[in-house]
Number of protein chains: 2
Amino acid sequence: MTAVETSPLIRKLSAFATLSTGETALMQRLHRRRKTFVSGRDLVHQGQSEQAAYILAEGWVCSYKLQADGSRQIVDFQIPGDFLGLRSLMLRVSDHSFEPIGSIQASEIMRDELLDTLGRSPRLAAAILWAASRDEAMVVEHLVSVARRDADVRLAHFLLELSARLALVGIGGREGYACPLTQYHLADALGLSAIHVNRILRRLREDRLVTFRGGIVRFDDYDRLLERADFDPAYLDHGGPVLG
Amino acid sequence: MTAVETSPLIRKLSAFATLSTGETALMQRLHRRRKTFVSGRDLVHQGQSEQAAYILAEGWVCSYKLQADGSRQIVDFQIPGDFLGLRSLMLRVSDHSFEPIGSIQASEIMRDELLDTLGRSPRLAAAILWAASRDEAMVVEHLVSVARRDADVRLAHFLLELSARLALVGIGGREGYACPLTQYHLADALGLSAIHVNRILRRLREDRLVTFRGGIVRFDDYDRLLERADFDPAYLDHGGPVLG
DNA sequence: CGCTAAATTGACCCGTGTCAACTGGCGTGG
DNA sequence: CCACGCCAGTTGACACGGGTCAATTTAGCG
């Protein structure tokens with residue numbers, strides 16, 4: 001097994017299409033220019049006009065939008081294998097910001113490199129667009145959560161979604177996973193106050209469903225949590241390769 | 001001016017890139033297979049595995065997700081020139097449904113046609129991906145609205161966003177526009193109850209900001225509404241052609 | 001060992017949901 | 001041509017989920 005085959009992105013795309021050596025090589029070209037970033041300094045900030053995106057290789061990132069009143073809405077978290085800023089690549093200005101959570105590593109991609117890659121292999125294009133579509137489906141699901149689900153369901157749903165995403169790139173499973181997020185992160189992502197997140201985490205813990213403490217999410221009763229969470233993973237489209 | 005040049009989609013894409021005759025011809029090929037649909041019967045329903053998307057030529061559509069408890073969340077409305085189901089094209093199953101509002105006309109596109117078109121012209125690929133990115137940016141903005149904005153700001157923002165989108169394809173302007181939506185549509189889109197939508201519409205009307213009645217949105221004081229709405233249209237990226 | 005950020009807890013308040021009732025317009029069938 | 005029904009819209013009374021403020025504890029770390 002080569003280093004490329006174990007890259008989280010390749011691993012993720014394999015859930016959609018089995019890639020040929022030529023296609024993996026094309027993907028590998030996108031992994032040049034790997035850089036390190038640390039928390040506190042955004043990779044891209046809202047309003048910036050830049051034509052670069054990133055592939056996250058290691059660590060977690062959050063993408064967020066700042067409001068005029070100073071509050072922020074976290075749109076999604078990115079984990080290894082995820083694209084950062086793929087969407088803004090086509091827009092004149094980035095409509096949101098990216099902040100590393102801890103220290104991370106990511107490879108820069110320019111707009112023309114991406115368009116070039118899409119043109120060279122329809123299968124690879126399909127795989128990359130699949131990943132982008134899945135990301136959008138997650139944003140839609142977050143919209144549903146924030147608009148229609150109570151805080152406890154919302155939080156449970158969120159923890160399960162992360163679990164499924166992490167499992168796809170080989171991190172964590174049904175027991176739980178390491179999670180570097182603070183309760184403030186959860187609050188900003190779920191449209192709640194940090195105080196309420198705390199209350200709800202306590203309730204879920206007391207109900208013996210999940211325990212999130214000290215950077216570890218531990219599932220106390222996965223099946224009952226699934227029920228509580230109104231979690232149907234269909235939107236994540238983790239069905240195994242469609243394109244052979 | 002040919003019929004193709006006046007198609008809403010071409011008109012919209014022109015806000016991003018000036019298209020050559022060859023490129024307009026490629027776009028035109030996507031407009032074959034025009035069909036008519038009527039309200040009450042979904043174009044695509046959640047869970048359906050199908051590999052078709054549509055370009056909306058006439059009328060309005062809403063895309064929504066149904067919950068287990070029967071409530072629905074409207075993710076966005078589509079107006080002439082918009083794609084329907086571009087995202088689900090790459091996923092195994094559609095993660096949401098499309099319902100015509102009144103009678104509409106739309107052209108069907110298959111997955112391979114789209115990938116083929118993307119491969120033939122990088123500029124056209126860029127333009128189509130731009131449109132898809134803008135759609136996603138709108139979903140993100142809806143997320144922000146639902147999570148962080150009070151009902152009145154949210155509603156005002158929504159009406160202004162629609163106004164900007166309609167103006168781009170030549171429908172309506174700063175005075176107002178024809179809008180076929182019911183208060184139930186607004187409620188399902190904004191994460192509010194229909195009753196509260198009614199209350200807020202009244203307030204906005206009494207404050208002489210907007211009047212929405214009898215299928216007409218009329219801006220009573222556009223500038224003051226902008227202020228109230230926390231509306232920064234940057235995310236819509238309507239800046240005029242980038243690619244000359 | 002103090003310093004600081006994160007986590008916790010309690011008291012109170014407000015925006016929005018829910019329930020219930022009423023109005024008005026419009027199409028259909030007797 | 002009127003009566004009926006239906007659906008969108010409208011309004012008021014009341015309940016409750018979650019926000020806010022304030023205070024305290026815990027945990028990491030130089």
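Each chain gets a letter, A, B and so on, in the order the sequences are listed, and its residues count up from 1.
- Within residues 206-218 of chain A, the residues that have a heavy atom under 4.0 Å from DNA chain C are, in order of number, A/R213.
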Donor-acceptor contacts under 3.5 Å from residues 96-108 of chain A side chains, at least two apart:
{"from": "A/S97", "atom 1": "OG", "to": "A/Q46", "atom 2": "N", "distance (Å)": "2.9"}
{"from": "A/Q105", "atom 1": "OE1", "to": "A/R34", "atom 2": "NH1", "distance (Å)": "2.6"}
{"from": "A/S107", "atom 1": "OG", "to": "A/H31", "atom 2": "O", "distance (Å)": "3.4"}
{"from": "A/E108", "atom 1": "OE1", "to": "A/R33", "atom 2": "NE", "distance (Å)": "3.2"}

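- Between A/Q73 and B/V144 the shortest side-chain heavy-atom distance falls below 4.5 Å.
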Just list the side-chain donor-acceptor pairs under 3.5 Å for residues 53-65 of chain B, sequence neighbours left out, or say none.
{"from": "B/S63", "atom 1": "OG", "to": "B/D76", "atom 2": "O", "distance (Å)": "3.3"}
{"from": "B/Y64", "atom 1": "OH", "to": "B/D42", "atom 2": "OD2", "distance (Å)": "2.5"}
{"from": "B/K65", "atom 1": "NZ", "to": "A/E141", "atom 2": "OE1", "distance (Å)": "2.4"}

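- Defining each end axis of the helix from C/dC1-D/dG30 to C/dG30-D/dC1 as the rotation carrying four pairs' C1' atoms onto the next four, with five pairs an end, the two axes are found to diverge by 40° to 10 degrees.
- With sequence neighbours excluded, the residues satisfying salt bridge (charged side-chain N to carboxylate O under 4.0 Å, His left out) with A/R32 are A/E113.
- Salt bridge annotation for B/R228-B/D207: present, with a cationic side-chain nitrogen under 4.0 angstrom from a carboxylate oxygen.
- Annotation: salt bridge (charged side-chain N to carboxylate O under 4.0 Å, His left out) contacts of A/D221 (sequence neighbours excluded): A/R224.
- A search for salt bridge (charged side-chain N to carboxylate O under 4.0 Å, His left out) contacts involving A/D230 returns A/R149, not counting sequence neighbours.
- Residue pairs satisfying the ring-ring contact (aromatic ring centres under 6.0 Å, His included) criterion with at least one member in residues 68-89 of chain A, sequence neighbours excluded, are listed as follows: A/F77-A/F158.
- Salt-bridge annotation for A/D135 and A/R165: absent, with no side-chain N of the basic residue lying under 4.0 Å from a carboxylate O of the acidic one.
- Only A/G191, listed by number, bring a heavy atom of residues 181-191 of chain A to less than 4.0 angstrom from any atom of DNA chain D.
- Nucleotides of DNA chain C that come within less than 4.0 Å of any heavy atom of chain B span, from the 5' end to the 3' end, C/dT16 to C/dA20.
- Between B/D220 and B/R205 there is no salt bridge, since no side-chain N of the basic residue sits under 4.0 Å from a carboxylate O of the acidic one.
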Please write out the pairs of protein N or O atoms and N or O atoms of nucleotides 12-14 of chain D separated by less than 3.5 Å, giving the distance to one decimal.
{"from": "D/dA13", "atom 1": "N6", "to": "B/R199", "atom 2": "NH1", "distance (Å)": "3.4"}

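- The stretch residues 147-159 of chain A has no heavy atom under 4.0 angstrom from DNA chain C at all.
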